[in-house]
Each structure stands twice: as structure tokens, then as C-alpha cells.
A.B. asks: 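Have a look at this one.
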Amino acid sequence: MAVSVETSLCHSVMELTKVAQQKGCDPLLWAIQLSSNLSSAGVSLPSVEVANSLVSYICWDNNVPILWKFLEKALVLKIVPPLFVLALLSTRVIPRRTSQPVAYRLYMELVKRHVFNLKYQINGPNSEMVMKSIDDILHLSSYFGLTASEPGIVVVEFIFSVAWQLLDAALDDEGLLNHTLEQNSRWAVTTQEMEIDGHGSYDEKWTEHNEILKTANTVTAIEIVGELLHNKVTARILFLARRHLPTHWENFRRRIQLLGENSSALRNSKTLSPEALMQLVSDSRIVLSRECKTSSLHKFHAVMAFGSMSSSAGLCYGASRSALWLPLDLVLEDAMDGYQVEATSAVERITGLIKTLQAINVTTWHDTFLGLWIAALRLIQRERDPIEGPVPHLDTRLSILLCITTLVVADLIEEEESAPVDETECDSTNHWKEKKEISRKRRIDLISSLQMLGDYQSLLAPPQSVVPVANQAAAKAMFFISGIGGGNQYFECLSVKDMPINCSGNMRHLIVEACIARQLLDTTAYFWPGYINGHVSQLPQGVPSQVPGWSSFLKGATLTPLMINVLVSSPASSHFFFFPEASLAEIEKVFEIAIDGSEDERISAATILCGASLIRGWNIQEHTAHFIIRLLSPPVPADYSGTDSHLIGYAQMLNVLIIGIASVDCVQIFSLLGLVPQLACSLMPICEVFGSCVPNLSWTLKSGEEFSAHAVFSNAFILLLKLWRFNHPPLEHGVGDVPTVGSQLTPEYLLAVRNSHLISSGNSFKDQNKRRLSSVASSSSPQPVFVDSFPKLKAWYRQHQACIASTLSGLVHGTPVHQIFDGLLNMMFRKINRGSQSLTSATGSSSSSGPGIEDNSLRPKLPAWDILEAVPFVVDAALTACAHGTLSPRELATGLKDLADFLPASLAGIVGYFSAEVTRGIWKPAFMNGTDWPSPAATLSNVEEQIKEILAATGVDVPSLAAGGNSPAILPLPLAAFVSLTITYKIDKASERFLNLAGPALECLAAGCPWPCMPIVASLWTQKAKRWTDFLVFSASRTVFLHNSDAVVQLLKSCFTATLGLNATPMSNNGGVGTLLGHGFGSHFCGGMSPVAPGILYLRVFRSMRDIVFTTEEIVAILMQSVREIACSGPSREKLGKLKTTKTNGVRYGQVSLAAAMTQVKLAASLGASLVWLTGGLVLVQSLFKETLPSWFISKHRSEHEEGSSEGMVAMLGGYALAYFAVLCGAFAWGVDSSSAASKRRPKVLGTHMEFLASALDGKISLGCDGATWRAYVSGFVSLMVGCTPKWVLEVNVDVLKRMSVGLKHWDEVELALALLGVGTVGAAAELIVEIEM
């Protein structure tokens, strides 16, 4: 039925047309008659059927002028859809343009009349059917790959196809089409007729005219292409094609370039030059923001441009460009928290942060690398006056600068240079070279950044312990450029006194050497201006020809005691200047000896690996750590046939390795390298095996020292416990909706992370860091590992969790655990004589008498795991006895120490029990009076004064430590018992690894108790270890903030004040990173304790805070207050209002003032975002977007129109500050791309926030904040998303984007609405372009 109606319609149209043609009817009358007839017949206009009939009738049996006029009038009266007619004609006319030049000219005239007037055509009647018909005719969807689901998508594809068809036709006309890569056109543009077609009836004069017309047609086609690229409507539409069809656009651009370089017709054009045409498709041409008309967006771009901290205006007002990298400084300093062990690599975290800051700050890679080096150097300088204590020191900081940072740079450069260059897209040698040159951009910028780094002499001064190494690096360069080479062995023999007198090295020399070792630079760096001073003419005389060292070891020298000492004390990379790859060969040789050598050689090799090569072998540090982890999981010998684990045969080597990496700095280095999950996985089998052995199994070293399976187990187990937050109180194990940061660090989590590396090892990673971690995981154990693989460890872990969750229960009389319980109590309290009642009977257990400590029969000959199972019950019994007076405090401490000496791993049970019990509040207090318990009185008042001095810069009041009257200090009984136990340890290397476990647990425990428990503990410990006084007092000062939320708020305010330089004080001075984080702390300044920078305080406090959600709300409030103070302080107060009176070309008086204000505003927002991210990570950022920000905008706030600010400028700056703050928070947490695992959470959270914005713009949500603030926030947030994080836009629901664009249009923010849609949805963007006819 439909077919017959269509046939009847076509027949009636053709009849009317034929009659009109024969009569020579006026085209307008014909069109009016046709329109009337169609309307009477109920045909909806414009009609694709009529268009098809007319074009088919004209081409080619009736190709006469009057019919073209009929067609033109049908277009004018909207009888036929213009774009559909052009689509039909393009398939018929362009292929026959040679024989039908007039028709081709007429087609191009119709293109010029109708393709630039799209508004009616995209929104008119039957538009969807018309667009579908166009797609069917030209097969646009199948070619371009965009689903024709919206009219706007078809418009983009159609305009692009028109330009491309005309371009290819012009190329074909000039014989250039076969010079393209494909040597043809996807479109039907190649002439399809023979040369004789259509010419037989024409005379020679007509033929000449025809040739002239064909030449003119080529010029016209090129000019139309140029106009399509220039016209502000079609240019924007083509920009959408460029953004969403990048491969097709690149092909199109290359054809334009070919035409521009070779077309004679283009050179003959009077309206378009080759240069102008190529400029229209250049990368530098910005179409969508070419004319910034809307007020708010205009202000935003002006503010952001002039407020850039790297701009001249920003620098004029004292804002160092390094302030751009404030988040990086905070992250690097946070990595120095020795109590925090990370499961993810610092390389991964810093790389993601660098990409984020580079995108948000819109900086070059030169500035980015320079900011990275400066931040890492500042980290070194803050260790100038270190405090003594169990915290990471200079070695960890040097590792960040010379290992981690260089790995970050290497990965960034490798990412760029390993990106595949599609040679099929490079149709010329020059273009291929251009692509390769772009792929080396980051390497070139690295070189320029290191050259500029030489200008920062104050940051480059090496710490005293590093001076010899820096001088050696400078000497290497000096010898090299002087043409003198003595080889690596010669440098080993060269002492400090043999160095050239003017050979003074600095940190840049070490950075350059680290980059050369990783092949980021070559030795041409030695010739940089100012890199070295002077030359040497000859080698120093009297240098010994050979000394024990790495060179002689690599040549086959044996591992004598002298050689071992040298290899332990000097890193493998220290002397291999001319052949840095040799240092890796050395470490590999040591590893091979540890696997295949004799027992003594294994021990020596393990000792060497854990020496200077791990601590200061920066160029090979990750390889050394990898080898250590592999040695902790040694292979089963080929000839092994025993029933016990093969690990027992490696006991001596394993013990040396475990002790060797147990220091705070070593653990932190493994953490920085991301090897904690793999280290934990390697330690678990050792714990399982040796914890199941009886202590009779022992080994004797050459020195005569003997150690048992208990010792190996204890060392491994205590190191394992440092790798997860086992010692933290139960409040951190899942209370509330938002868990404390880091509480996910459990054995299961660490193994899951490790297994994820293993599972991914078969994949081809673009990420070099992931490839490194995968390599370690697969080389140590090729199969996934789970906690179930270690039943003894799992059983202890479950018991530990049960101890945390509730009071002890389950000790049944007569069971093996009960027997062990009795035996341990008898061993611990063997000297106690209570008449007829012993400790065990007092606690409800049977007792037996026994001899003193000398009688080893009292020591249970049981596996460590069995003993650990009874430890919590033993400690509970002992503490209960002490509480009841059966056991004195001194006897309790002595007994616990005996237990810990017998099995050091029992510290885990002791710590776990005390940590749980102190939070229950059921124990009576202990009076620290110096009689029953140790007294802090001797140092307590001094500790109080020092705490006040430390916190002086924050304005926080320190509660008095005096207990009132002459009453002694009080501690909860479990805490008193724990601190009494810890002060029985000596401060020496043997006890270090045990104190490294007990110390953080003690501090965490004391910090969770009421004030002033931690200062009391610190006072007791300062009496024990005076050289740790600074560390202990600083630890005590942190607890002030854990008991008072107002103090936390004051600390946050101090961080903002210090950073921004507001209300200048001796601490705040001019603000910036230096004021926020200071330059070290301790009692080394002015003869007493100096104030600690607020940023350092906050970084050492936030992980222990119970409620982190409130910090986000406070940070937002402080940020807005800071904006107000910035805008209303100093000269900017009177000048901010001048923005509207100034122009954007040049920096004028008022704009400089605005630039200074915006620089500070951005700095404040950057600080706020950094603090939120560090404090709560993903969880807190999610809370910010879903709860905090919406609540803030809905709530009412006091008016910002105050204190002389002009026309709501404070409100506007506040909105921009919140926008910058929010985008930074999201970027820190999720990244700017989709490379991180955290980015998978972004669509849901961001979608929720964008829905809130759209609903508020729709008027569905009532807002309480200032309208100017809201408008500035929305425009700023959207602008930053579009410009800096476009991948975010792609994850937002298209309907939400459309709703937001409507709201922005109502604000007259048309450019911004278009930019948003242009990134997120091509169809809606095209429709908006056409609607506003920009």
C-alpha cells in the first residue's frame, strides 16, 4: 500500500514537472502549484520522495537549465530537504563532473546556499527521517562508525563528507589523489565517464569553455572547503568531527596538506591561499573558544590565565612557581611517616599525581619535571637537622630523590616513547620524523629541566654525609671531559684526598648520574655550561693499583672478610661510572652466590645485599630489593629429598636477610618500591615453617653465635607484623561508615594485591612499574597465594582478631593450651614466693614449683605457634594478678620481659592484648608514683614546656599536664604495664627490631588514652633514652589534636595561614611550601625546641584521628574564609573591582591585583584538596562530592558582599576556589585518565555530583549559597573538566550533560555549554551549534 502511494506521488510530481517543462512555466509558479498539490494530498513537507523523484528525473536524461531552476525553487519553498538533495546530487554529479561541469557548478552553488543554513533543516519537520535518509544514501554511519541516533550526529558526518568529497574531487582533478596513502577516495569522486561522453554534439568553442569551467570548478571546490573550515558554524561542526573522529580527521588533514603544497588551482584562488587553508586545519587553531562572549566564562578564563602561578603576574607578587607543586611536597613528606607502610608503590602514586598536576595546571613537561626535582630536593633539605628516633631518616629521603623520582621520570618518558607510531598514518618521511620528534618531547624537557636546576644552588647543597659521593660524581664528569679514563677499578682506589682540588659536587651531579644510569641522559650532560669547573690534565699520582672492591669481585676475587666488609659498606653502583650496567651484573653475581654457594658464602652474600647496595645503591635499588625478596623464597634444591620444608636448609641465610632489612629505613624503602605485598608473601611461608619447628633445631654461626628456629620465626614474624596495621586499637577496625585511612592493610589485602600483580603478569603492560612488580611476583612464586595456605598463621590471626573484638575466653582446664599457659607462667614468675599460693593457682590454674632461670627445663620445648596461642591468656592472667595485688608492677614487667626474651614473637600477643584491653576501660588506674610504678615527675614539666614550644606556631592551647596537688600521674593499668615493659629494653641494634614493633604500638596506645597519658609515657621514655627526647616530645605533642577537635581546626587554619602568608607572623612570613612544611625540627635551634611547621604536624596527626569526615567540612569552611581574607586584604581590596573595566590584552593595574588574588586562591584550594585527599583518600573524596559540597551549596552562609569587596567579587572568587578545590580532589583520588584502579569508581560518584548540578540548574533544588558563588562554581567546575579532564565528561550521562547545557545557556554561557557537549556528546553539541547559529 505504501509503495503504491509513493509510486502515485512520484508519478503526479513527474507529470506536473513535464507539463511545466514543456510549457516553459515560471519555476516559482511550478513550485507553488506543486506545494499546493502535495499539501492537498496530505504529503508532509519537505518530502524525501519528491526530492528523490526530481533528482532522478534531472540526472541525466533531463539535465536542462529549467529543471535546475525548478529544483532550486523546490528547495526555497521547503518542498524538498536541502541536505538530502545535496546528498543525492553528490553521488550523481561529482563522479560526472568532467562531462557535466555545469551541473557540478550548479551543485556547488546549491552547497554554498544551503549547507551554511542548517537551523531549519535540523529542527524542521521530518528532520529525523531526512537525516536517516541521508545516512542511507551516503552510508555515513558504517564509514565513520558513529551511530546515527541523533540528527546532530548525521549533520556532523554530512558536513564532514561534503568537505571531504569536494577535497578529493579537487585532488583528483589535479592528479594528486594517487599521491595519497590510499591512492583513491572513499567517496565516489573519480570520474566515471569516457572522455567522449557528452562531447559529440558540441563544437570546439564549447569544448574550450568546458575546460575553462572545469578548471574554475576545481578552484570553487577548494574555496568551498576553505569556507566550510572557516565559517563559524560549519567550522565548529567540523571541530566536533576532529575531536570524535580523530583517525578520519588525520587522513583529511593530510589531504589538505597535500593540496596546499601541490595545488596550482589553490594558488590561482583569489580568496584563499595555501597557507590560510593549512592553518584552518592546524593543531594550533582553537575553534570552540575562539570568541569568548559569555561573561562568567570570560571572567573565569581571565582569572585562571592571570592567576597562573607560573605567569609573570604571579611571579611579580612573590608566588613561587613551585607552589604549583604543593601537593607533591605534601605527598613526599607524608611518605616519611615511618608508622605508615603502603601496599602500593610510591612510583605509581607519584606518577599519577604528576600527571594530574600537569593536566590541571596546564604546564609543560619541562616545568613538570623541574617541579618534581625541586620538591624532592626540598625533601632532602628538610632533613638537615634530623631528630634521633625510630623514624625514617636521610637514606629514605635520598631514595625518593635518586631512585623513586628517577623511576617516575623514566616511566613517564618510556610511556611516551613506547606509544606506537602508526606508520600507515605517516604518508611522508617528514611526517614520520615529526611523529618521532613529538615522542621524544618529554626526554627533551627532562634535559632542559635538569639544566635549569643548576640555578637553584641553595637546594643543591648536599648533606654532609653525601658530600663525598657528590664530589665523586663531579670528578667523574671532570675526568670524562678531560679525556682521562682510568676505569671503574681506578675510581675504587681513588680516595677523597686524591680528588681534584676544585671538584665540588652537589645534588644535581647525583641526579644526573642517576638519570645516566637509567639511560635517560647520556654523557653529553657533562658538557652543559656550568656543570663542572675546570679540567684535569692527568690522573692523580700514588693511587694504589688495586684494592678490594666491586671491580675486583666482578673479576673473580674471593669473598674474604676484608672484601665482604668493603662490599657491605659501598653500594654496587658507587664506582661504576663509565659502565653503570656493570653494577647490576655485580648484584646478580651476589644473588647467584646466595643461591648456589656454600653456607658461608650464602650468609656473606645475604649480608652484602642488605648493606649499602640496598640503602644507597640508588641506581639499582629496586633490583637489590627484588633479589632479596627472591632469596626469601629460595628454590627447592634439585637433589632435595627431605620431608621437612627446604626452607630449613636456608635458615642461616634467611635469618641474615630478615635482620638485615628490619630497620625502619629498609622497611620504608621496600614500601616506596611497592614491594610490601610481595615481602609479606615471602615472609609468611618462613613464619609458617619455622613457627612449627621445636626450638631444639638450632644453628651456629662462624662467630660462635647460636640461634634457634624460634629466633628465625620471631625475626620473620615481627617483620611481617610491621607490614600491616595489626597494632592499632579496635576503633580502626570498622567502626562507623567511614573507616580510618589504612585500615585495609590486613594479611588478606596484602596477598590480594600481590596476587593481582601475579595474575596480571601475563598481560602486556604499558605501565613499566606494573611490569616490574609483576616480574617480582612471578619470579618468587608463580601461583596465587592465600592466607588459607598458612593454617598456623591464619589461626593466630583469627585469635588476634577475636582478642580485639571481645574479652578473652576459651581457656579450658586440661587442654594443651592450658598446659602451655601454666608452663609459661611458671617460667615468667619462677622466683615469686607467695607462701602456699602461686600465681597460677591464684588465677585458677594448677601450679608446680621449679628451679630458677638457669634451669632450661622451665622453658617450653614447643613450636612458636603453640606458644603464641597461649600468650594472650598468660598476659591476661599476669595483669589480673597485678590488679589484685598478687603480682607487683616490677615483677609483672620482669615476667613479661622474660617471656619476650624467650620468644620475641610473643611481643605480638602482648601488644595485641594491651591494645585491646586499654580501650575497654575496665582496669583500675595505675599511679605512676615511683614506688609501685616508674614516675615521670623528673621530666614531665620539661616535656610540657617543649610541647608548648612545638605547638607555638599553631595557636593551640596545650592542656596542663599537672594532675592537681601532689597527686602522681595516672595511666590505665594495661598502658602502665606496657610502658614498663618497653623501658626494660636497651637502646641498641639488637633490640631495635623489637622496639620498632613495640614503639609505634605504645605510642598509638597512649595516644588513644585520655590526656595526658602520652606525655607521661614520653616523660618516662626520655629518662630512658635522652637522645630520643625530641622525637618523644614531638610524638607527645601530636596527641593534643587527637583529644580536641577544636585543636584540629586550629591546626588546619594554621596550615592555610602559613601557606598563604596571611596575618604574617615569624612562622608564616611570606607563605609557601617552606613555611607550611618548615625546614626540619628539633632542639637544635636557638638553644631550645623550635616551633614545628603546621604542615608537618598535620601530616603526623591525621592518620590517628577518629573522625575524618568533619575535617572535610572544616577545610571547606577555612578555604572560603581564606578567600575572603585574600580578597579583602592589602591593595587588592580596592582593585579587585577593576576586572570589568580592563581588557584582556595586557596585564593592567586591576588585573595584576586580581592575578595576585587568584594565585593565592588557587594555592589555598590546592592545599585544601591535598589535605582532604591525604586525610581520607577515596572515601573522603566520595563523601565530599556526594554529601559535603551539596550540603554546603544548599545551606545559607553569611553574605560575602562585605568589607568593601566590589560587586560580589569575593563570592565569585569563592566559587572558583571551590571549583578548583573539587576538581583537584577528584583528580587526586581518581586520576585524570582511566589508567588507575581508582578511576573505576569515578563514573558513579561524578555522575551523582553532576546530577546535583543539573537538578539545581533545572530549578529542582533550592540553593542557599550566594548566586555569584554558585554560578562561578558551576562554570569553573565545567571549564576545568572540559579543559583538563575531558575523560571525566565522557563518563557522565548524556542526558545530564544536555540538562546542564540548557542551564548554562540560560546564563548566557553558550560557549561553555557548547564546550561541554563537544566533549561529551557530538550530536547534542552539533544541534546546539546549529540552534544558536554562532
Side-chain angles (χ1 to χ4, degrees), residues 1-21 27 30-97 100 103-104 106-111 113-115 118 120-122 124-143 148 151 154-155 157-159 161-162 165 187-189 192:
M1 181 71 179
V3 174
S4 62
V5 171
E6 183 177 332
T7 302
S8 174
L9 172 65
C10 293
H11 178 73
S12 63
V13 170
M14 288 303 97
E15 287 299 320
L16 179 64
T17 303
K18 287 176 183 179
V19 171
Q21 177 186 358
W30 168 85
I32 293 173
Q33 181 63 46
L34 177 61
S35 177
S36 176
N37 291 351
L38 292 172
S39 298
S40 300
V43 177
S44 178
L45 301 180
S47 168
V48 295
E49 292 82 6
V50 173
N52 213 344
S53 299
L54 288 176
V55 171
S56 298
Y57 184 68
I58 294 174
C59 301
W60 292 101
D61 294 336
N62 296 281
N63 181 22
V64 293
I66 192 171
L67 285 179
W68 282 95
K69 292 179 181 180
F70 284 176
L71 179 61
E72 194 270 337
K73 293 303 180 184
L75 289 167
V76 170
L77 295 184
K78 299 181 177 59
I79 297 172
V80 293
L83 297 188
F84 180 68
V85 169
L86 294 178
L88 289 172
L89 290 175
S90 68
T91 61
R92 290 166 168 80
V93 174
I94 294 178
R96 302 190 58 145
R97 65 188 180 281
Q100 303 291 345
Y104 186 39
L106 291 172
Y107 161 73
M108 289 190 289
E109 289 299 323
L110 292 177
V111 168
R113 289 188 186 186
H114 297 284
V115 87
L118 300 170
Y120 167 79
Q121 302 178 54
I122 198 171
N126 303 330
S127 58
E128 290 188 10
M129 182 181 65
V130 170
M131 295 303 163
K132 183 180 182 305
S133 301
I134 293 173
D135 185 53
D136 292 340
I137 291 292
L138 298 178
H139 310 292
L140 298 175
S141 299
S142 60
Y143 179 61
V154 178
V155 167
E157 294 174 324
F158 176 72
I159 297 298
S161 70
V162 169
Q165 285 174 300
W187 313 104
V189 298
Q192 299 174 354

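Note that the structure is a prediction, hence the values are computed from the model and not measured.
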A.B. asks: Which pair of non-hydrogen atoms, one from Ala31 and one from Leu77, has the smallest distance, and what is that distance?
C.D. replies: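 Heavy atoms only, the tightest pair is CB-CD1, 3.4 Å.
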A.B. asks: Can you see which heavy atom on Leu67 is nearest to which on Ile58, and at what distance?
C.D. replies: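 In terms of heavy atoms, the two residues are closest at O-CD1, 3.6 Å.
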A.B. asks: Just verifying a value: how many Å separate Ser40 OG and Leu38 CG, rounded to the nearest 0.5 Å?
C.D. replies: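 It comes to 8.5 Å.
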A.B. asks: Within the structure provided, determine whether Lys69 and Trp30 are in side-chain contact (heavy-atom separation under 4.5 Å).
C.D. replies: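 Counting from C-beta outward, Lys69 and Trp30 never come under 4.5 Å.
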A.B. asks: Given side chains that start at C-beta, do those of Leu86 and Val162 come closer than 4.5 Å, heavy atoms only?
C.D. replies: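 The answer is no; the side chains never approach within 4.5 Å.
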A.B. asks: Does Gln33 offer a backbone N or O that forms a donor-acceptor pair with the side chain of Ser36 under 3.5 Å?
C.D. replies: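 Side chain of Ser36 to backbone of Gln33, a donor-acceptor pair under 3.5 Å: no, none is there.
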A.B. asks: Rounded to the nearest 0.5 Å, what separation is found between the OG atom of Ser47 and the CE atom of Met129?
C.D. replies: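 Here the interatomic distance stands at 6.5 Å.
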A.B. asks: Do the side chains of Leu54 and Phe70 get nearer than 4.5 Å, heavy atoms only?
C.D. replies: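 No, side chains not in contact.
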A.B. asks: Is the shortest side-chain heavy-atom distance between Tyr143 and Leu138 below 4.5 Å?
C.D. replies: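 Counting from C-beta outward, Tyr143 and Leu138 never come under 4.5 Å.
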A.B. asks: Considering non-hydrogen atoms only, spot the tightest contact between His114 and Leu83 and give its length.
C.D. replies: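 Smallest heavy-atom distance, with atoms named: O-CD2, 4.4 Å.
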A.B. asks: Closest heavy-atom contact between Asn126 and Pro46?
C.D. replies: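 The pair with the smallest heavy-atom distance is ND2-O, 3.0 Å.
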A.B. asks: Indicate the atoms forming the closest heavy-atom contact of Tyr107 with Gln165, along with that distance.
C.D. replies: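 The pair with the smallest heavy-atom distance is OH-OE1, 4.5 Å.
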A.B. asks: Enter the distance from Leu34:CG to Ile79:CD1 here, rounded to the nearest 0.5 Å.
C.D. replies: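 It comes to 4.5 Å.
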A.B. asks: Kindly indicate whether the side chain of Trp68, heavy atoms from C-beta on, has any atom under 4.5 Å from the side chain of Asn62.
C.D. replies: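 No, every pair of side-chain atoms sits at 4.5 Å or beyond.
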A.B. asks: Between Phe158 and Asp135, is there a side-chain heavy-atom distance shorter than 4.5 Å?
C.D. replies: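 They are not in contact (no side-chain heavy atoms under 4.5 Å apart), so the answer is no.
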A.B. asks: What's the spacing between Leu16 CG and His11 NE2 if we round to 0.5 Å?
C.D. replies: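 If I round to the nearest 0.5 Å, the distance is 11.5 Å.
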A.B. asks: Could you give the distance from CD1 (Ile159) to CG (Leu118), rounded to the nearest 0.5 Å?
C.D. replies: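 Answer rounded to 0.5 Å: 5.0 Å.
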A.B. asks: After noting the C-alpha distance and the side-chain angles of Asn37 and Ser12, does the key distance pass the side chain to side chain contact (heavy atoms under 4.5 Å, CB included) rule?
C.D. replies: CA-CA 9 Å; Asn37 291 351; Ser12 63; over 6 Å; no
A.B. asks: What's the spacing between Ile134 CD1 and Ser161 OG if we round to 0.5 Å?
C.D. replies: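 If we round to the nearest 0.5 Å, Ile134:CD1 and Ser161:OG are 8.5 Å apart.
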A.B. asks: For Thr17 versus Tyr57, what's the shortest heavy-atom pair and its separation?
C.D. replies: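 That would be CG2-CE2, 4.1 Å.
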A.B. asks: Take Gln100 and Val93 through the side chain to side chain contact (heavy atoms under 4.5 Å, CB included) test and state the conclusion after the steps.
C.D. replies: CA-CA 7 Å; Gln100 303 291 345; Val93 174; 5.8 Å; no
A.B. asks: Taking the side chain from Ser39 and the backbone from Ser35, do they hold a donor-acceptor pair closer than 3.5 Å?
C.D. replies: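 Yes, Ser39 side chain to Ser35 backbone: donor-acceptor pair under 3.5 Å.
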A.B. asks: When you compare the side chain of Glu72 with that of Pro27, does any pair of heavy atoms fall below 4.5 Å?
C.D. replies: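 Not in contact.
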A.B. asks: Check the surroundings of atom CD in Glu128: do more than 12 heavy atoms from other residues, nucleotides or ligands lie under 6.0 Å from it?
C.D. replies: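 No, the 6.0 Å shell around CD holds no more than 12 heavy atoms from other groups.
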A.B. asks: Is there a side-chain contact between Val48 and Pro81, using heavy atoms and a 4.5 Å cut-off?
C.D. replies: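 SC-SC contact between Val48 and Pro81 confirmed.
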